[in-house]
Structure formats: C-alpha cells, structure tokens
Colleague: 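What follows is a single structure, and I will ask about it in a moment.
Just so it is clear, the values below take in all heavy atoms, side chains as well, and ignore hydrogens, waters and symmetry mates. Each chain gets a letter, A, B and so on, in the order its sequence line appears, and its residues count up from 1.
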Protein chains: 2
Amino acid sequence: MKEKILDCTLRDGGLVNNFRFTDEFVRDLYQMNLDAGIDYMEFGYKADKDIFKESDFGKWKFCKEEDIRAIVGENNTSMKLSVMADIGRCNIKRDLLPKKDSVIDMIRVATYAETIDEAVETANYCHELGYETTVNVMAVSKTAPELVAHALSCLSTCKADVIYLVDSFGAFYPNDIQKLTAQYLSYCDAAKAVGIHAHNNQQLAFANTLEAFHCGAQFLDVTVSSLGRGAGNCPSELLLGALKADTNYNLTPILSFIEKHILALREEGLKWGYDIPYLLTGNTNKHPSSAIQFIKDGNTDYTSFQQQLKIS
Amino acid sequence: MKEKILDCTLRDGGLVNNFRFTDEFVRDLYQMNLDAGIDYMEFGYKADKDIFKESDFGKWKFCKEEDIRAIVGENNTSMKLSVMADIGRCNIKRDLLPKKDSVIDMIRVATYAETIDEAVETANYCHELGYETTVNVMAVSKTAPELVAHALSCLSTCKADVIYLVDSFGAFYPNDIQKLTAQYLSYCDAAKAVGIHAHNNQQLAFANTLEAFHCGAQFLDVTVSSLGRGAGNCPSELLLGALKADTNYNLTPILSFIEKHILALREEGLKWGYDIPYLLTGNTNKHPSSAIQFIKDGNTDYTSFQQQLKIS
C-alpha cells in the first residue's frame, strides 16, 4: 500500500508559538502541501475551551470548523485534513460535527497508554461520526512494555484506522524503531496501518521515519523544516527528497515555502530544531521541557544541564 | 572486536577554516579526546608543500612532526594519533619518518577509486615504515560499481588494516550503508576492519554511522559538533551518547569543549552543518562545493539553487 505523508506543521509547530500563525502562513502552507502532493494536512488541536482560554492561543489550538473552512473552502482536493484530539484536553462529543457536516477528514486521538480506554472510546465515537481515525500513543519510551502491549491489544480491536508509533522524547534509535514497528504491525489486521511520528532530539527523526517506513509503517508524519516542539520533527524536505524518485511528491513547493516563511520565523526569533540540550534529554529519555526552557533562557552551560538531568 | 572512535575534527574541520586553529583549541581538543576515551585523534593532512603554499594554511594542513609533538609530547597515552595522506597531494616518501622516530601511529590514505594502485602502494609503504594504515576510498556514491569492486579487490590483498567506506557527498541512506558495509566486509579477512566516514547533508551522518556499526564496521569517524566540510560529519556527542551505556566513553568532556570552543567558532562566523543547500547536493549526489559557496554568499533562493543543480 502506498505511503501517506501527513504534514503536522501547524499542530506540532503550534507548540512552539502557541498556534499564532498568520492566515497567510496557513494559506500558503495549505497550498504548498497541495502542490507537493502531501496526503494529509493537520490543522491543529481540537482543544476544550473550558480548559484552555481562547485568548491565550491562536485559533489552531481549537480548529473551529469555520476557521478551517476560511482557509480551505470545501477542500475539493485529493488532500485530506486532520485535527488532533488530545485525551483529557478535549470535549469531542460537544465540539465535533458529524463528518457529513465537516470539512475535516481524520481525527487523530493522542493519548498516553494509561488512558487507552478513553482513547479507544473516542476513536470509536469519531468513527461512528464518519471520520477516519488514528490513535497516537505518546511517550512509549517511558512506558512499561507490558502497558504498551496492553494498549496495543486494546487498539487492535477498536475502530481506529491507524495506530501511531510516537517517539515523544526523541529517545529511540533506528533499531528500536525496527522492533517497535514490527510489534505495532503485529496488532494490525489488513484494515489497519501503522504510523510514525518522530522527534529530532538525536538527529534521528528522518532516519527513524525511513526505518519505520522500510519496516512497514504507512503513515509518515513530517513538518516543514522540522518546525515542532523542541528539537522538532522529521523534515518534510528530507522525506520528500528521499521518496521523490519513486513517487509523485514534489520538493520544490516546500523549498519555496521555506524561503518565504520559515526563514522569517527564524528571523523573528522562534527557536526549534536540534541542539545539545535536546540531545541530552533525548539521550536520557526525558521530556524536552527542561531543554526548551534552558535554550529559551539563553543558557549554554551544557555540563551543568547534563548534571541536572542525571539528578532529576 | 571493540569499536574504535576516530576524531577527525582538525582534519575535516580544517577544510572549513583552512586549518587555522589556535594552539589552545588543539591542546584542549587533544585533552578532550583523552578524557572522553576516544581511540584515535587525527591531526590533519600530510600535504605536499610543493603543491600547497605553507602560508596559505594553518599548520595542520602539513602536520609536521614537531608541530604534533608541541601538542602531545611523546603522547604517552592509550590514544593513537593519525594523519591523512591524500593521493596526488602528498609526498609521503619525502615527508614521513619511520614509525620509530614519529609520534604518529596511523596513516590514513585518501584516494579515489581511479588512483587505487597508488593508494595501495602508499599504504604498503607506510606499513613497511611501521605504521597502522587505512585506505579511504572517496566519492563512491559517484563511482561505477565495477570500479568500486575493483578498488576493494585491490585493497583486500594490500597491507592496509582498515578499509573506509566514505560518503563524501552525504548521498547515502541507511539501507545503502547496510549493503555497502556488507560488501566492504566481504573483502576483509580477520586482520582487516571496515571504517565509516559519513557526512550530514541529509541529517543522516549519525544514523549512517550507527547503521555501519551495527553491520560490522569497527572504525567510526566523528567530529565535535559535526565540525567539517559543508554539512559536517557524525557528531562526537551523538555517537558517544548512543554508545556510552555499553562502554567507557565519557560525554562530559565533549560538552565542555563545545561550551568553550565550538560556540566561539560559530560566534566568529564559521559556517558548517546541515542546511537546505546541502540537502539538495546530497540528494542529487553532487559535491557540496556549490552549496558551500551558495551559503557563503548568503543566498537563500533554494528553488533557483535546486534548478541550477538539475541543469549542472
């Protein structure tokens, strides 16, 4: 089955700037993804406004139907649109329209293994509403193997179309990804696919995505220039460069977008991408939050940071 | 057999600044490598001063015995020292002392497949002088497979201790590295090892080094913070981070060195490391020189550069 590339620049990149993208950025990103032949574009989170104050974030934290439509109209294209529902931080039963009334095609349910029951229920509910669904089990590098196996077992009988392997902390090496992809696939029947969402803490987001793909993962998450939390994600431009010889993907629109928008974000001072502190949290299998703060504070005392991680 | 990590920061990094490192930088790098447990440290090239004007370069382009000794004394340590002899650009018979009179332990012979006969002769000569030797066949991604096979066949019967797989253009993916490492190993008897020297054009230098290592390569080239030509090399800190759980390597001295010296080089405006133009030359299997110039000129017109590479 052909691979599916999913651009989550707005969703994971939104974690860097609180989802405050200009409409021009979002429109150009949508057009870029269309021109590049990207299969899915994720707009952001479907967050619960009773938990998150709307004025604290840009609109892609909430992904209201009208805000997406203002960019894509009816989206009469072959590219599908997704949003993410984060278990414990969304109110899907209140906020999600039936598929027939929505321009969204896919709901991606993000969960920890501990809340797998709620994730399964949510994915099944979204399926009943008519959506494609995925369940993305986060932080598996920090989760006991029995609990991961239990989560996968629950997912194997749920209605989700895709089970996502998520390297939240950028802690996995390609040989880990090889074993995990095989494990995840072992819980999938012919109707279910595996996806990969990698982080670049150890400069392995691209290599791990390629590894998962070669091991049978079909859904491949990317962001433009790896724009995403902390060390960022698998860069769109690298994956398209690698796949283009055998596919109809087109790298050029992504290069244009980088010229116009990504360089400007860097100029404005937005910080993301591989750096030593992320290597240290990835290498010690820790959440990148302390590294993000360390870099934000302009620190470069790497040996102290290493010491601090050893103690914490 | 235990892996051997070879630091070539001065040699490959010297291609970025014409080998103009301060003595303090070199002394601290030597001490860093000792403290980190690095197995080999490469000082630079043994270049022919009839071809290269000495005043155009720092001293590590030539690696005179007295210059190395000024840093390491007798090098009464367990770390070995290497220099590189670049075929067609060195005069080894004039410039190399017998091993008993030199503090250098290993001569690495760099060659293209086309000059393999001269490389074999040079490696054999260095072996006779008492040195450990490697032959590093460059630009194999651009070399006809029959010519690569011929070169490997010549090397299989020569005196070199190590045959190096070199990804000069950063064009290989991990599955290429897997096949090539197996091929290189098939030309080695028990007395010969395979080495890997990767470049980071597609953010794969670390992943490709790990892949080669898992496939049986024993000599692993690194540079601190990937300091090296163009997109740079496999970063020391990433490889040590990955290996340290099973080994006695120590990451902390490398972090200290980065704090003190690498950040300063970046401040001074020295440019190296992954960037879009290197992705484009790597992806199209081209020498990085045009990308180096593009970045040096401050250009960001990536789509034009892509077009230019397609035509050239």
Colleague: Check whether any side-chain heavy atom of A/Tyr302 lies under 4.5 Å from a side-chain heavy atom of B/Phe257, and answer yes or no.
Modeller: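 A/Tyr302 does not reach B/Phe257 side chain to side chain.
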Colleague: If we check side chain to side chain contact (heavy atoms under 4.5 Å, CB included) with B/Ile276, which of these qualifies: A/Ile258, A/Ile254, A/Ile262?
Modeller: A/Ile258
Colleague: Where does A/Gln203 contact chain B at under 4.5 Å (heavy atoms): side chain, backbone, both or neither?
Modeller: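 Contact with chain B is through both the backbone and side chain of A/Gln203.
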Colleague: Would you tabulate the side-chain donor-acceptor contacts of residues 265-273 of chain B under 3.5 Å, counting partners in other chains and residues two or more places apart, or write 'none'?
Modeller:
| from | atom 1 | to | atom 2 | distance (Å) |
| --- | --- | --- | --- | --- |
| B/Arg266 | NH1 | B/Trp272 | O | 3.0 |
| B/Trp272 | NE1 | B/Ser225 | O | 3.0 |

Colleague: With a 4.5 angstrom heavy-atom cut-off, which part of B/Phe305 approaches chain A: side chain, backbone, both or neither?
Modeller: neither
Colleague: Using 0.5 Å steps for rounding, measure from the CG atom of A/Leu279 to the CG atom of B/Leu251.
Modeller: 6.5 Å
Colleague: Under the side-chain contact (heavy atoms from CB on, under 4.5 Å) rule, collect the residues that match up with B/Thr303, sequence neighbours excluded.
Modeller: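 If we apply the side-chain contact (heavy atoms from CB on, under 4.5 Å) test to B/Thr303, skipping adjacent residues, the hits are A/Thr252, A/Leu255, A/Ser256, A/Glu259, B/Asp301.
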Colleague: Quick one: which of A/Glu211, A/Gln306, A/His214 has the most heavy-atom pairs under 4.5 Å with chain B, could you say?
Modeller: A/Gln306
Colleague: So which residues of residues 228-239 of chain A are in contact with chain B at a heavy-atom cut-off of under 4.5 Å?
Modeller: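 So far as heavy atoms go, A/Pro235, A/Glu237, A/Leu238 are the residues that approach chain B to under 4.5 Å.
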Colleague: Listed by residue number, which members of residues 280-300 of chain B have a heavy atom under 4.5 Å from any heavy atom of chain A?
Modeller: B/Leu280, B/Asn283, B/Thr300
